[in-house]
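None of these values were measured; they are calculated from a predicted model.
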Amino acid sequence: MTLPTIGILGGMGPEATILLQQRLIAAVAAQDDADHIPLLVDMNPQVPSRLAWLLDHTGTDPGPVLAGMARRLQRAGAAALAMPCNTAHYFAPQIAAAVDIPLMHMPQLAAKQIAGQHGSGTKVGILASPATQKINLFHDALHSRNCDAVYPADQSGLLEAIRRIKAQGPCPMSAAALQDGAEALVDDGCECLIIGCSEFSIIADRLRAPVPAIDTLDVLVDHIVAFAGATRRMDQPQLAEE
């Protein structure tokens, strides 16, 4: 069986894009190379900074660059698009307007998963860039499903951790900041957590939370596998709703 090709808008950051590919490989029950999902990866670390544009109002609008990447991927044969950067989904309307193929919207898919697992009225803690709160990215996705998005009162440590991971890779200091953010959200009454930054996905295995935590990158992997019609490994959890 020939599987459809998925286009990846990558480079935000590069390590997170590689992590997506690693998790996709791990999720597929492959007996040979041909069983894996074909990918077209536009690894473009030159996409203008989403944090600078949204938080600091400096730099260049990333939207046109992302739209151009999407068009290139469609022309190259992609049947659908995926983007392993939550904050960049602020520009999803520009990406969608540029192509005729679907974009798997990672924050919306995560919100759907949360609502399906935990039900209406769930208080969801968000471990992500402060930019996602400013643009209501998770708030809107969760609110439409009658769930509440809650951010730590002090997000400076999380923002510093994101920038540190981009510059230095994973380190104990960043893992500690993620742990502190999670504990603050649980203390605030959150019943589950969303790991809503792909830099945090890199260190998600170090998080020890007393409530369930859903990694948006895992949700995206699940939907890529489902869209492509690949065979999932039985020892890998399936997150998507049927």
Within a strict 4.5 Å, meaning less than it, do heavy atoms of the [X] and [Y] side chains meet?
X      : Y      : answer
Cys190 : Val211 : no
Pro130 : Leu158 : no
Met104 : Leu109 : yes
Glu191 : Val124 : no
His143 : Asn136 : no
Val225 : Val28  : yes
Tyr151 : Thr132 : yes
Leu159 : Leu55  : yes

Practice task
Report the C-alpha separation of Leu20 and Ile224 in whole Å, then their side-chain angles, then the decisive distance to 0.1 Å, and conclude whether the side-chain contact (heavy atoms from CB on, under 4.5 Å) test is met.
Solution key: CA-CA 10 Å; Leu20 170 68; Ile224 291 173; 4.3 Å; yes
[X] side chain to [Y] backbone, donor-acceptor under 3.5 Å:
X      : Y      : value
Asp61  : Gly63  : yes
His89  : Leu137 : no
Arg232 : Gly229 : no
Arg233 : Ala26  : yes

Look up atom [atom1] in [X] and atom [atom2] in [Y], then write down how far apart they are to the nearest 0.5 Å.
X      : Y      : atom1 : atom2 : answer
Lys112 : Gln108 : NZ    : CD    : 10.5 Å
Glu199 : Glu15  : CD    : CD    : 8.0 Å
Ile195 : Cys197 : CD1   : SG    : 10.5 Å
Ser198 : Met106 : OG    : CE    : 6.0 Å
Leu24  : Asp222 : CG    : CG    : 10.0 Å
Leu207 : Asp215 : CG    : CG    : 10.0 Å

Heavy-atom pair of closest approach, residues [X] and [Y]:
X      : Y      : answer
Ser120 : Asn146 : OG-CB, 3.2 Å
Pro107 : Ala141 : O-CB, 4.0 Å
Ala131 : Thr87  : CB-CG2, 4.0 Å
Leu127 : Gly181 : CD2-C, 3.6 Å
Ala29  : Asp35  : O-CB, 4.3 Å
Phe138 : Ile126 : CD1-CG2, 3.7 Å

Exercise answer: donor-acceptor pairs, residues 79-86 side-chain atoms, under 3.5 Å, sequence neighbours excluded:
residue: Asn86; atom: OD1; partner: Thr216; partner atom: OG1; Å: 3.4
residue: Asn86; atom: ND2; partner: Gly196; partner atom: O; Å: 3.0
residue: Asn86; atom: ND2; partner: Thr216; partner atom: OG1; Å: 3.0

Handout entry: Path from Leu220 to Ile25 over hydrophobic side-chain contacts below 4.5 Å
Key = no
Exercise for the section: Take atom CE of Met43 as the centre, draw a 6.0 Å sphere, and report whether it contains more than 12 heavy atoms from other residues, nucleotides or ligands. Expected result: yes
Exercise for the section: Using side chain to side chain contact (heavy atoms under 4.5 Å, CB included) as the criterion, point out the one residue from Asp42, Val99, Ile95 that pairs with Met69. Expected result: Asp42
Exercise for the section: Take Ile135 and Arg50, measure what side-chain contact (heavy atoms from CB on, under 4.5 Å) needs, and give me the verdict at the end. Expected result: CA-CA 11 Å; Ile135 61 179; Arg50 286 70 57 206; over 6 Å; no
Practice task
Starting from the C-alpha separation in whole Å, work towards a yes-or-no answer on side-chain contact (heavy atoms from CB on, under 4.5 Å) for Ile8 and Gln21.
Solution key: CA-CA 10 Å; Ile8 308 297; Gln21 296 172 74; 5.8 Å; no
Practice task
Using distance alone, with no hydrogens and no angle criterion, decide if Arg164 and Ser174 have a side-chain donor and acceptor under 3.5 Å apart.
Solution key: yes
